[in-house]
Trainee: 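Would you mind keeping the following structure in view while I ask a few things?
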Amino acid sequence: MTNKRQEGFSLIELLIVVAIIGIIAAIAIPNLLASKRAANEGSAQATMRTLTGAQATYQATTGAGNFAVDLPALFSVGLIDSVLGAAPANKSGYLFIVTGVAASGTNPSTYTSTASPLVATGITATGTRNFFSNEAGVITYGTGGPSTTPMTSASASQAIGQ
């Protein structure tokens with residue numbers, strides 16, 4: 001009698017490996033999504049800093065004491081890149097809007113910059129916080145909402161880093 005040598009994995013062994021991979025994926029995927037949201041929020045904060053600096057530069061140079069009216073105005077003088085130069089701009093899962101506000105006449109004496117997540121809830125959320133900045137240069141955040149309802153003031157928010 002000769003013994004037949006059997007090679008390979010049994011069905012049970014393969015099912016156990018698949019189950020282990022499924023458990024690892026169930027643990028890792030939510031952490032990966034949370035990391036992506038955190039990265040989007042970090043990018044939004046950095047972009048808000050860029051917009052604040054661009055407005056200050058515009059006011060001191062091209063604007064002759066006035067702020068830029070919108071994102072295309074900042075782009076036209078080379079203070080922001082083409083991704084932000086669109087109005088409104090979508091970058092890293094956030095919607096950015098800059099609005100110059102004229103106290104009287106047509107020259108903006110103040111401005112507001114807002115960043116809102118494109119998707120604020122659910123598994124596909126791109127962020128959980130809205131960001132706001134104005135001529136004071138302080139970037140604040142509030143509870144995230146959809147990009148159709150950006151923050152309109154810093155009164156109900158907290159400065160980042162506080």
Trainee: Is there a chain of hydrophobic side chains (I, L, V, M, F, W, Y, each step under 4.5 Å between heavy atoms) that links Y111 to I80?
Mentor: no

Trainee: Can you tell if the side chain of P117 reaches within under 4.5 Å of the side chain of N130, non-hydrogen atoms only?
Mentor: yes

Trainee: What are the two closest non-hydrogen atoms of R129 and F131, and how far apart are they?
Mentor: O-CE1, 3.8 Å

Trainee: What's the spacing between K36 NZ and S92 OG if we round to 0.5 Å?
Mentor: 8.5 Å

Trainee: With rounding to the nearest 0.5 Å, note down the distance linking CG in L95 to CG in N90.
Mentor: 5.5 Å

Trainee: Check whether L33 and I27 end up in the same hydrophobic cluster, where Ile, Leu, Val, Met, Phe, Trp and Tyr are linked by side-chain heavy atoms less than 4.5 Å apart.
Mentor: no

Trainee: Do other residues, nucleotides or ligands put more than 12 heavy atoms under 6.0 Å from the CG atom of L32?
Mentor: yes

Trainee: Which value, rounded to the nearest 0.5 Å, describes the distance between S113 atom OG and I97 atom CD1?
Mentor: 10.0 Å

Trainee: Any ring-ring contact (aromatic ring centres under 6.0 Å, His included) pairs touching residues 20-39, not counting sequence neighbours?
Mentor: none

Trainee: Taking L79 as the starting point, is it possible to reach I139 by hopping between hydrophobic residues whose side chains are less than 4.5 Å apart?
Mentor: yes

Trainee: Calculate, to the nearest 0.5 Å, the distance between atoms CD1 and OG belonging to I16 and S10 respectively.
Mentor: 7.5 Å

Trainee: Tell me, yes or no, whether the heavy-atom count around K91 atom NZ, taken from other residues, nucleotides or ligands under 6.0 Å, exceeds 12.
Mentor: yes

Trainee: Which heavy atom of L74 sits nearest to which heavy atom of L51, and what is that distance?
Mentor: CD1-CD2, 4.3 Å

Trainee: Give a yes or no answer on whether the side chain of T47 reaches the backbone of S43 with a donor-acceptor pair at less than 3.5 Å.
Mentor: yes

Trainee: Taking all non-hydrogen atoms of both residues, which atom of P30 and which atom of A25 are closest, and how far apart?
Mentor: CD-O, 4.3 Å

Trainee: Examine I12 and I20 and state if one hydrophobic cluster contains both, with Ile, Leu, Val, Met, Phe, Trp and Tyr joined whenever side-chain heavy atoms are less than 4.5 Å apart.
Mentor: yes

Trainee: Which residues satisfy the ring-ring contact (aromatic ring centres under 6.0 Å, His included) test with Y58, sequence neighbours excluded?
Mentor: none

Trainee: Determine, stepwise, if the pair L14 / V18 fulfils side chain to side chain contact (heavy atoms under 4.5 Å, CB included).
Mentor: CA-CA 6 Å; L14 290 175; V18 168; 5.5 Å; no

Trainee: Under a 3.5 Å distance rule, please check whether Q59 uses its side chain to pair with a backbone N or O of A64 as donor and acceptor.
Mentor: no

Trainee: Might you point out which heavy atoms bring F67 and E135 nearest each other, and give the distance in Å?
Mentor: CZ-CB, 3.6 Å

Trainee: Look at the side-chain heavy atoms of Ile, Leu, Val, Met, Phe, Trp and Tyr, link any pair under 4.5 Å apart, and say whether V101 and V69 land in one connected group.
Mentor: no

Trainee: For V119 and T121: C-alpha separation, side-chain torsions, deciding distance, then whether side chain to side chain contact (heavy atoms under 4.5 Å, CB included) applies.
Mentor: CA-CA 6 Å; V119 180; T121 58; 5.5 Å; no

Trainee: Roughly how far, to the nearest 0.5 Å, is OG1 of T124 from CG of L118?
Mentor: 10.5 Å

Trainee: If every non-hydrogen atom of T126 is compared with every non-hydrogen atom of G93, which pair is closest and at what distance?
Mentor: OG1-O, 2.7 Å

Trainee: Which heavy atom in F75 sits nearest to a heavy atom in D81, and how many Å separate them?
Mentor: CD1-O, 3.6 Å

Trainee: Could you give the distance from OG1 (T128) to CD (E41), rounded to the nearest 0.5 Å?
Mentor: 3.5 Å

